[in-house]
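See below for the structure under consideration.
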Amino acid sequence: FKDRGKITQTLLDELEEVLIMADLGVSATQKIIGHLQEKIRTNEVKDSEEVKDFIKTLIAQILEKNEIEESHKWQPPHVIMVIGVNGVGKTTTIGKLAWRLKKEGKKVLLAAGDTFRAAAIDQLEIWAQKIGVDFIKHQPGADPSAVVFDAIQAGKARGYDIIIADTAGRQHTKANLMEELKKMKRVIGKVIPDAPHEVLLVLDANTGQNALSQTNLFHQNLGVTGIVLTKLDGSAKGGIIVNIADTFDIPIKYIGLGEELDNLQEFHPALFASALLT
Amino acid sequence: NLANKLEGIFKKLRSRGRLSESDVNEALREIRVTLLEADVNFKVVKRFIEQVRVKAIGQDVLKSLTPGQQIIKIVRDELTMLMDPGSLKGPIKPAAFPYIIFLVGIQGSGKTTTVAKLALNFKKEGFNPLLVATDVKRPAAEEQLEILARQIGVGAFRRQGNEGPVAICQNALQRAQLNKNNPIIVDTAGRFHIDEELMAELIGLKNNINPQEVLLVADATTGQEAVNIASTFNDRLGIDGIILTKLDGDARGGAALSMKEVTGKPIRYIGIGEKLDAIEPFYPDRLTSRILG
Ligand SMILES: Nc1nc2c(ncn2[C@@H]2O[C@H](COP(=O)(O)OP(=O)(O)OP(=O)(O)O)[C@@H](O)[C@H]2O)c(=O)[nH]1
Ligand SMILES: Nc1nc2c(ncn2[C@@H]2O[C@H](COP(=O)(O)OP(=O)(O)OP(=O)(O)O)[C@@H](O)[C@H]2O)c(=O)[nH]1
Ligand SMILES: [Mg+2]
Ligand SMILES: [Mg+2]
C-alpha cells in the first residue's frame, strides 16, 4: 500500500501477507482484517492510506490495553524473577536491566539462579562485574532455590533496592522444570511476603506461534507480570505479541535491541505498531 | 487436528468417487491455516497449496479412503517429498583429516550446545574430535564450550591471546594435526543474517579455513523469518545442511519446511533436549506429522 488509492482485494491480500509474515498468526490477522472490513463497509475507511492508519491504530490499541504506568516507587527490596525458554535472552536482559536501574541510582543485587547450564554463572558474573553490581552465587549444580533464598536474605539484610534472579532456560512443556520454578517462587515468598513482585517472561522476537504456548504455560504456572521481547534488532517483527496482548492481561515492559548493556528500551505500543507495518 | 477438520468438511459435502474442485478448495483453506499456524512461511504455504491443488483436483478417491483421508494422503506425500528423503544423508561421516565442521546461526539457537552434542556422537563412533571456540564476544562463551568438552571427555581449543576467529582456527588446526584430532568442530558467535559486518567476518572465516561442512543451527520455534534467515545464510555464506534444535518443546516446527524449501539443503539432525546425548538424525515423516498437528 504505497500511495493513497482505492481499496481493492489486492490491497487486503497484501495486508494479510504483511500481518502473517510479521508473525501475528492467522487468528489475530483474521480478527484485525475483519474489523477493517466492517469499517470499509460503513465507509469509515475509504482509501488505502486510511486502511494503513486504521490498522496501526487498532494494533496500538490492542497493545496498549495492558500497559500500566511504571511507578518505580517500589518498596525495597523489589524482587524480580526472570523466566523463559532456552536461549531467548534472559541473562543478557538481566544485565541490561541491572545497568539501567544502577544508572537510576538503585542498589541492585543479582542472583545466579541458573545452576544448571554450562558457564551460566560465569556469564552473569561477567555482566555483574561490567556493570558494578553485587552478585550472589553458589557452585554449579546447587539448588537454584537455595541460591535465590540466599540472595533474598542478603538483599533484605543489606538494604538492596532491587534483587533480580536469573533462572535456567527450560521448555514450558516440562512439568518437573516448571515445578522447580514454582518452588523458587514459593521460597522467595517465604522470605518476603508478596515477593517476587515481578515475574518477567522473556520472549524472542524470532519465535513464531509457539510464543503463545510459552506464555500460556508460564503464566498458568507462575503468574507472569510482565514481558520482555528481545532480538528486535533482527529482521523479525515480533507480531506474536499482538495476539499475546489480546489474549492475556500481561503488560509488555521492555524490548531488547542488541547484545550490549544499553540495548534495552521501554515498550511503546504506537511505535511498535508502526514498525510492524513497514 | 487437521485430520478431524477435514473429516468434518467432507461430512458436509456429498461428493464421493472424485474430489471436486469445491471439495478441494475448502480442504485447502483448512490445510493453509494448519500450515501457517505451524509457522510454515506464508509464501512457502502459497506455493505448496498450489502443488496440492493440482494433484488433488479430479483425483479418484481410493476405495479404502474417505475424501478427507485422500486429501491428507496427498498433503502428507507432498510434504514428505518437499523434505526430500532423496537427499536424506543421515548422520555426518567425517572423512580424512582435516574434516572441519562450522556451526553457524542467529543468537541463542543452540550452536554451542550442538557442537558438544555432535562431538559426543563422533567420540562414540571412535573419532577424536576437537572443539574450537571462536566466540570471543559473548561473556563466558569460551568457558561454556570448555566445560561441555570436559563433560564429554574431548579436547577444546580457545585463543591464547587476542586473536580473531581466523587465527584461532588456524592455530586449532595445527593443534589438531599434532594431536591427531578429527573432526574439528568450530563454534561461532551468534549473529543476525542482516548484520553486514558479522556476516562478512563469517564469510572471511569460511574462505580462509575451507570447512567441509557448514551447518545452520536453527531453533524449531522460529517463525516467518526462518526463510529470510536460511536463505541469507545460504546465499551469502553457503551452508551444507541444517540442524533444527529444541524439538523437545511443543513447537510445530514449520520453520524446517520453510528452510528446506527455500535453500534445498538437507536437515541433518534435530536437537531434542539440553543434555549432550539429546540429538538425533532427522526423519522427514516424523516432522511432517508434527507440522500437520
Ligand atoms: N541481537 C540481540 N541478541 C540478543 C538480545 N538479547 C540477547 N541476545 C543474545 O542472545 C543470546 C542468548 O542470550 P542469553 O542471555 O544467554 O539467553 P538466555 O535466555 O539466558 O539463555 P539460557 O540461559 O541458555 O536459556 C546471546 O548471544 C545474547 O547476546 C537482543 O536483544 N538482541
Ligand atoms: N530444550 C532444549 N534446549 C536446547 C537445545 N539445544 C540447545 N538448548 C539450550 O538452548 C540454550 C542456548 O544454547 P546455546 O548452545 O548457548 O546457544 P548458542 O546458539 O550457542 O547461543 P549464542 O552463542 O549466544 O548465539 C541453552 O540453554 C541450551 O541448553 C535443545 O535441543 N533442546
Ligand atoms: Mg541464561
Ligand atoms: Mg554459543
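Below, read A as the first sequence line, B as the second, and so on, with proteins coming before strands; counting in each chain starts at 1.
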Electrostatic pair [X]-[Y], nearest N-O below 4.0 angstrom:
X	Y	result
Glu225(B)	Lys237(A)	no
Lys43(B)	Glu17(A)	yes
Arg32(B)	Glu16(A)	yes

Taking atom [atom1] of [X] and atom [atom2] of [Y], what is their separation to the nearest 0.5 Å?
X	Y	atom1	atom2	answer
Leu212(A)	Glu37(B)	CG	CD	10.0 Å
Asp250(B)	Gln171(A)	CG	CD	7.5 Å
Ser109(B)	Asp204(A)	OG	CG	10.0 Å

Point to revise | Asn176(A) CG: over 12 foreign heavy atoms closer than 6.0 Å | key: yes

Check your understanding: Quick check: are there more than 12 heavy atoms from other residues, nucleotides or ligands sitting under 6.0 Å from CD of Glu197(B)?
Key ->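 No, CD of Glu197(B) has 12 or fewer neighbouring heavy atoms, counting only those of other groups under 6.0 Å.
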
Practice item. For the pair Thr92(A) and Arg138(B), evaluate side chain to side chain contact (heavy atoms under 4.5 Å, CB included) and give the outcome as yes or no after the intermediate values. Key: CA-CA 10 Å; Thr92(A) 308; Arg138(B) 168 175 152 154; over 6 Å; no

Check your understanding: Which answer fits Gln123(A), side chain, backbone, both or neither, if we ask what part of it has an atom under 4.5 Å from a heavy atom of chain B?
Key -> both

Check your understanding: Listed by residue number, which members of residues 124-139 of chain A have a heavy atom under 4.5 Å from any heavy atom of chain B?
Key ->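 Expected list: Ile126(A), Trp127(A), Lys130(A).
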
Looking only at heavy atoms, which two atoms of [X] and [Y] are closest? And how far apart?
X	Y	result
Gly169(A)	Glu274(B)	O-OE2, 3.6 Å
Ile194(B)	Asp233(A)	CD1-O, 3.7 Å
Ala140(B)	Ala119(A)	O-CB, 3.7 Å
Ser235(A)	Asn228(B)	OG-ND2, 3.8 Å

Give, as side chain, backbone, both or neither, the part of [X] having an atom under 4.5 angstrom from any heavy atom of chain A.
X	result
Asp195(B)	neither
Leu145(B)	neither
Asp248(B)	both

Check your understanding: Who among Thr173(A), Asn206(A), Asp122(A) has the most heavy-atom pairs with chain B under 4.5 Å?
Key ->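 Most heavy-atom pairs within the cutoff with chain B belong to Asn206(A).
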
Check your understanding: Between Ala236(A), Gly208(A), Gly239(A), Ser27(A), which residue shows the highest count of heavy-atom pairs closer than 4.5 Å to chain B?
Key -> Gly208(A)

Practice item. Using a cut-off of under 4.5 Å on heavy-atom pairs, state which of Lys46(B), Lys137(B), Arg252(B) scores highest against chain A. Key: Lys137(B)

Revision key, fill the gap. Residue from Ala255(B), Pro139(B), Gly108(B) scoring the most non-hydrogen pairs under 4.5 Å with chain A is Pro139(B)

Review point. Any side-chain heavy atom of Val85(A) sitting closer than 4.5 Å to one from Lys246(B)?
Key: no

Review point. Going by heavy atoms in the side chains, are Thr221(B) and Gln214(A) under 4.5 Å from each other?
Key: yes

**Study point:** Sorted by number, residues from residues 147-160 of chain B in contact with chain A (heavy atoms, under 4.5 Å)
**Key:** Ile147(B), Leu148(B)

Practice item. Step by step, work out the side chain to side chain contact (heavy atoms under 4.5 Å, CB included) result for Thr207(A) and Thr222(B). Key: CA-CA 5 Å; Thr207(A) 304; Thr222(B) 310; over 6 Å; no

Exercise for review: Spell out, as yes or no, whether a donor-acceptor pair under 3.5 Å connects the side chain of Asp23(A) to the backbone of Gln224(B).
Suggested key: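 Side chain of Asp23(A) to backbone of Gln224(B), a donor-acceptor pair under 3.5 Å: yes, one is there.
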
